[in-house]
Amino acid sequence: MPDTGIARILITEDEIKTTVGRLGAEITACYKGMTEELVVIGLLRGSFVFMADLIRQIKLPLIVDFMAVSTYGDGTVSSGDVKVAMDLDQSIEGRDILLVEDIVDTGNTFSKIIRMMNNRNPRSVRVCTFLDKPSRRTAHVDIDFCGITIPNEFVCGYGLDYAQRYRNLPYVGVLQLK
Ligand code: IMP
Ligand code: MG
């Protein structure tokens, strides 16, 4: 197998490229004709690889900001707590914001962040996720732009980690759980 610890490839580099292209086109079409720049907000750290590719497929004026949140420790099971380790750099009041996530699993993180963002009175809030794992959903999340729906498996690569590792894999793989 390609890298130690990865049992198999779930999503290839080609599939990632096609998916990001499609999402960029959907987002571009959705916001076409907007008067102010879109604010694209990435949730660190998992979304940074996806975010870098995605913004280059959005053919609109935009600005980028990041927020660091954490739910998981160094394991594969969510603790349920969402901690804001680094907040946005700018106000989002009256702005159109697009939140970008690597994966929506239980929905716990994203639902809490969406609520937090809405409390700051933006003009609109839409959400984009690269991966969706709906089988484990416990908190409802309205996903406006969804990349690929995956089964209930722990995945790594393309920004997603296991204990901070594997983020640099150019594909998404299934972790070999010991
Ligand atoms: P949720 O709050 O359960 O939706 O999980 C949110 C976060 O858990 C995601 O942003 C990821 O950082 C992490 N996560 C969930 N599933 C996976 C996975 O299969 N691989 C790597 N990280 C994951
Ligand atoms: Mg994440």
Side-chain angles (χ1 to χ4, degrees), residues 16 19-75 77-150 155 158-161 164 167 172:
I16 292 173
T19 300
V20 175
R22 181 202 19 108
L23 289 172
E26 284 178 18
I27 293 164
T28 304
C30 175
Y31 290 99
K32 216 174 120 200
M34 70 193 302
T35 48
E36 224 185 333
E37 289 161 328
L38 179 63
V39 183
V40 185
I41 298 171
L43 300 187
L44 294 174
R45 278 168 258 182
S47 73
F48 82 102
V49 178
F50 171 50
M51 176 98 162
D53 285 343
L54 181 68
I55 57 166
R56 284 175 286 179
Q57 299 302 322
I58 302 175
K59 314 296 180 191
L60 299 165
L62 59 81
I63 59 171
V64 162
D65 206 341
F66 289 98
M67 183 178 243
V69 295
S70 59
T71 32
Y72 285 15
D74 275 352
V77 180
S78 178
S79 62
D81 292 334
V82 175
K83 214 174 64 200
V84 176
M86 187 195 82
D87 207 340
L88 299 175
D89 197 38
Q90 61 223 29
S91 164
I92 54 164
E93 195 174 339
R95 305 298 301 262
D96 294 296
I97 69 166
L98 177 66
L99 290 168
V100 178
E101 234 321 12
D102 52 354
I103 184 166
V104 181
D105 184 13
T106 65
N108 180 49
T109 313
F110 228 4
S111 63
K112 287 183 177 148
I113 299 299
I114 292 163
R115 202 174 317 139
M116 195 187 295
M117 293 297 112
N118 273 313
N119 286 339
R120 298 181 185 187
N121 301 315
R123 189 162 166 270
S124 68
V125 178
R126 288 192 176 88
V127 306
C128 175
T129 186
F130 173 55
L131 300 178
D132 183 16
K133 212 195 273 184
S135 53
R136 295 195 351 123
R137 197 66 38 83
T138 53
H140 178 76
V141 179
D142 274 319
I143 300 171
D144 299 281
F145 309 101
C146 182
I148 300 172
T149 300
I150 62 164
V155 294
Y158 197 62
L160 290 110
D161 74 305
Q164 301 305 329
R167 292 193 198 274
V172 175

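Because the structure is predicted, anything quoted here is derived from the model rather than measured.
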Practice item. Please lay out, stage by stage, how Leu160 and Leu131 fare under the test side chain to side chain contact (heavy atoms under 4.5 Å, CB included). Key: CA-CA 10 Å; Leu160 290 110; Leu131 300 178; 4.0 Å; yes
Practice item. Show your working on salt bridge (charged side-chain N to carboxylate O under 4.0 Å, His left out) between Arg126 and Asp96 and close with a plain yes or no. Key: CA-CA 8 Å; Arg126 288 192 176 88; Asp96 294 296; 5.4 Å; no
Practice item. Give the intermediate values and the outcome of side chain to side chain contact (heavy atoms under 4.5 Å, CB included) for residues Leu88 and Ile41. Key: CA-CA 8 Å; Leu88 299 175; Ile41 298 171; 3.5 Å; yes
Check your understanding: Given the rule in the side chain to side chain contact (heavy atoms under 4.5 Å, CB included) test, do Val100 and Leu43 qualify, once you have shown the distances and angles that lead to the verdict?
Key -> CA-CA 6 Å; Val100 178; Leu43 300 187; over 6 Å; no
**Study point:** side chain to side chain contact (heavy atoms under 4.5 Å, CB included) assessment of Ile148 paired with Asp132
**Key:** CA-CA 6 Å; Ile148 300 172; Asp132 183 16; over 6 Å; no
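Between the Arg22 side chain and the Gly147 main chain, a donor and an acceptor come within less than 3.5 Å of each other.
With rounding to the nearest 0.5 angstrom, the CD atom of Glu101 is 12.0 Å from the SG atom of Cys146. Atom CD1 of residue Ile143 and atom CG of residue Leu99 lie 12.0 Å apart, to the nearest 0.5 angstrom. Once rounded to the nearest 0.5 Å, the distance linking NE2 of His140 with CZ of Phe110 reads 12.5 Å. Within the model, atoms CD1 of Ile103 and OG1 of Thr129 stand 7.0 Å from one another, a figure rounded to the nearest 0.5 Å. From Leu23, atom CG reaches atom SG of Cys30 across 12.0 Å, with rounding to the nearest 0.5 Å. Summarising the geometry, atom CZ belonging to Arg120 is positioned 6.5 Å from atom CE belonging to Met116; distances are rounded to the nearest 0.5 Å.
Salt bridge absent: Arg45 and Asp102 never bring a charged side-chain N and a carboxylate O closer than 4.0 Å. A salt bridge links Arg95 with Glu36: the distance from a Lys NZ or Arg NE/NH1/NH2 to an Asp or Glu carboxylate oxygen falls below 4.0 Å.
Every pair tested for salt bridge (charged side-chain N to carboxylate O under 4.0 Å, His left out) that includes a residue from residues 138-150 fails, sequence neighbours excluded, so the list is empty.
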Can you give me every donor-acceptor pair (side chain of residues 49-68, partner residue at least two apart or in another chain, under 3.5 Å) with its distance?
from  : atom 1 : to     : atom 2 : distance (Å)
Asp53 : OD1    : Arg56  : NH2    : 3.0
Asp53 : OD2    : Tyr158 : OH     : 2.6
Arg56 : NE     : Ala52  : O      : 2.9
Arg56 : NH2    : Ala52  : O      : 3.3
Lys59 : NZ     : Arg56  : O      : 3.0
Asp65 : OD1    : Asp89  : N      : 3.3
Asp65 : OD2    : Asp89  : N      : 2.9
Asp65 : OD2    : Gln90  : N      : 3.3

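Across all their heavy atoms, Ser111 and Val141 have their closest contact at N-CG2, 4.0 Å.
Residues passing the side chain to side chain donor-acceptor pair (under 3.5 Å) test with Glu37: none are found, sequence neighbours excluded.
For the side-chain contact (heavy atoms from CB on, under 4.5 Å) test with Thr106, the passing option among Val104, Asn108, Thr109 is Asn108; the others fail.
In this structure, the side chains of Leu98 and Val39 stay at 4.5 Å or more apart for every pair of heavy atoms. Side-chain atoms of Ile97 and Ser124, non-hydrogen and from C-beta on, never get closer than 4.5 Å to each other.
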